[in-house]
Amino acid sequence: MPELPEVETVRRSLATRLPGRRIEALDIQQPQLRNLLQPAALRRQLVGTQVVRVARRAKYLLLHLSSADVLVLHLGMSGRLALVAAATALEPHTHARIHLDDGMELRFRDPRRFGMLFVVSQEQLERHPRFVHLGPEPLTAAFTPLYLQQRARGLKRPVKNFLMDAGVVVGVGNIYASEALYRARVHPATPARRLTLQRWQRVHAAVRATLRHALRAGGTTLRDFRAADGRAGEFRVRLAVYGREGEACRRCSRVLRRAVQSGRSTFYCPGCQR
DNA sequence: CGGGCGGCCTGGAGGC
DNA sequence: TGCCTCCAGGCCGCCC
């Protein structure tokens with residue numbers, strides 16, 4: 001589900017509400033997510049701590065705690081976080097409930113259970129196996145056209161797969177990889193090593209613009225996605241290629257196509273993207 | 001070692 | 001209505 005704009009949207013919706021709240025209790029209904037939750041250990045680490053701030057790295061949400069630990073949450077494909085009154089009826093696939101000191105509850109739901117939840121010390125976070133290999137954030141100065149060109153040196157994998165590799169750049173998933181390449185007018189199957197610096201400049205700018213616009217719209221809701229306050233994202237109507245196979249390109253009117261790359265759908269315009 | 005692929009899960013859509 | 005297949009926004013381990 002959620003790529004950078006969606007995770008960042010969730011972060012923002014939590015950042016106005018969570019800091020200062022104390023965790024009073026934790027209920028685990030279903031410990032088997034992507035990682036196996038250890039209810040007793042989690043309770044020991046979380047209960048009694050205060051949320052200090054809500055951050056994000058790649059597609060991970062980071063709840064920094066007063067204990068100098070970090071509660072790390074990943075939404076996988078279908079995960080949702082909701083901040084609701086404790087009396088709210090329990091919805092299906094609610095795996096974890098974090099009870100707060102103001103009568104609210106942070107609920108983690110995830111039908112497909114590809115999501116993750118774990119605690120790591122702030123100090124160890126960057127060295128954690130899930131974090132240590134991560135590339136730069138696309139909206140920071142570390143992400144440049146030259147960086148892309150250098151990382152692509154010698155790689156014959158398609159540029160779309162390259163952009164979706166979190167070791168190259170984080171936060172770009174299947175929707176925004178297609179959208180950004182359309183915006184950059186680069187064919188998704190182009191071997192990464194074939195792109196000139198000039199084209200990397202276009203790709204770089206397109207990745208950033210696409211993510212920024214999606215962020216401004218509160219992300220893309222295809223089906224599941226909601227911010228923590230329940231709001232859906234509005235970017236779906238602005239998608240230029242994703243999910244629009246068979247429809248007309250808005251730029252050149254050619255029929256948009258779908259292809260499969262490494263088992264994932266890619267959408268592109270055969271006229272605009274060479 | 002780069003990189004494609006299957007597997008992890010459930011549910012929705014569409015075909016018959 | 002039911003049953004089947006395919007597909008889905010992520011990530012990792014296996015294998016060539």
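Order of the sequence lines fixes the chain letters, A, B, ..., with proteins taken first and strands second; residue numbering starts at 1 for each chain. Basis for what follows: all heavy atoms, side chains included, without hydrogens, waters or symmetry-related copies.
For the side-chain hydrogen bond (donor to acceptor under 3.5 Å, both in side chains) with A:Y176, the qualifying choice from A:E6, A:R183, A:H213 is A:E6, the only one to do so.
In this structure, A:M77 places its CE atom 12 Å from C1' of B:dG11, rounding to the nearest Å. At whole-Å resolution of the value, CZ in A:R80 and C1' in C:dG9 are 13 Å apart. The CG-C1' distance, from A:L239 to C:dG9, rounds to 11 Å in whole Å. A straight line from CZ of A:R109 to P of B:dT10 spans 15 Å, rounded to a whole angstrom. The CG-P distance, from A:L75 to B:dT10, rounds to 18 Å in whole Å. Atom-to-atom, CG of A:D110 to C1' of B:dC8 comes out at 11 Å; the value is rounded to the nearest Å. Note: CG (A:L33) to P (B:dC9) measures 11 Å, nearest angstrom. One can place CG of A:L61 at 20 Å from P of C:dG9, the figure rounded to the nearest angstrom.
Across the P atoms, C:dC11 and B:dG12 are found 23 Å apart, a figure rounded to whole Å. As rounded to the nearest Å, B:dC9 and C:dC3 have P atoms that lie 24 Å from one another.
Neither OP1 nor OP2 of B:dC9 sits under 4.0 Å from any side-chain N or O of A:H93. The phosphate of C:dA8 has OP1 or OP2 within less than 4.0 Å of a side-chain N or O from A:S265. Side-chain nitrogen and oxygen atoms of A:N161 include at least one within less than 4.0 Å of the OP1 or OP2 phosphate oxygen of B:dG4.
Here the side chain of A:R11 pairs a donor or acceptor atom with the backbone of A:V54 at under 3.5 angstrom. Formation of a donor-acceptor pair under 3.5 Å by the A:R226 side chain with backbone atoms of A:L81 is not found in this model.
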Just do the ring pair (Phe, Tyr, Trp, His ring centres under 6.0 Å) check on A:F143 and A:H204 with the steps written out, would you? CA-CA 8 Å; A:F143 180 64; A:H204 171 265; 4.8 Å; yes

Under the salt bridge (Lys or Arg N to Asp or Glu O under 4.0 Å) rule, what do A:D110 and A:R34 come out as? Steps first, then yes or no, please. CA-CA 10 Å; A:D110 185 8; A:R34 172 93 195 215; over 6 Å; no

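Residue A:P158 is the one, among A:P158 and A:F114, whose nearest nucleotide of DNA chain B lies closer to the 5' end (criterion: closest heavy atom).
A:Y60 and A:H74 have perpendicular rings, their planes meeting at more than 60° on a 0 to 90° scale where under 30° would count as parallel.
Ranking B:dG3, B:dT10, C:dG10 by closeness to the A:R112 side chain, first place goes to B:dT10. Of the candidate nucleotides C:dG9, B:dG11, B:dG3, B:dG3 has the atom nearest to the side chain of A:R157.
Base pairing analysis places B:dG4 opposite C:dC14; the two distances defining the Watson-Crick or G-U wobble pair are each below 3.5 Å. Searching all strands for a Watson-Crick or G-U wobble partner of B:dG15 with both distances below 3.5 Å returns C:dC3.
The environment of A:R212 atom CZ is dense: over 12 non-hydrogen atoms of other residues, nucleotides or ligands sit within 6.0 angstrom. Enclosure of atom CZ in A:R53 is not indicated, since only 12 or fewer non-hydrogen atoms of other residues, nucleotides or ligands lie within 6.0 angstrom.
Among the heavy atoms of the strands lying under 4.0 Å from A:Y242 are primed sugar atoms or P, OP1, OP2 only; no base atom is included.
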Where along nucleotides 11-16 of chain C does protein come under 4.0 Å, by heavy atom, of base (B) or sugar-phosphate alone (S), with - for untouched nucleotides? BS----

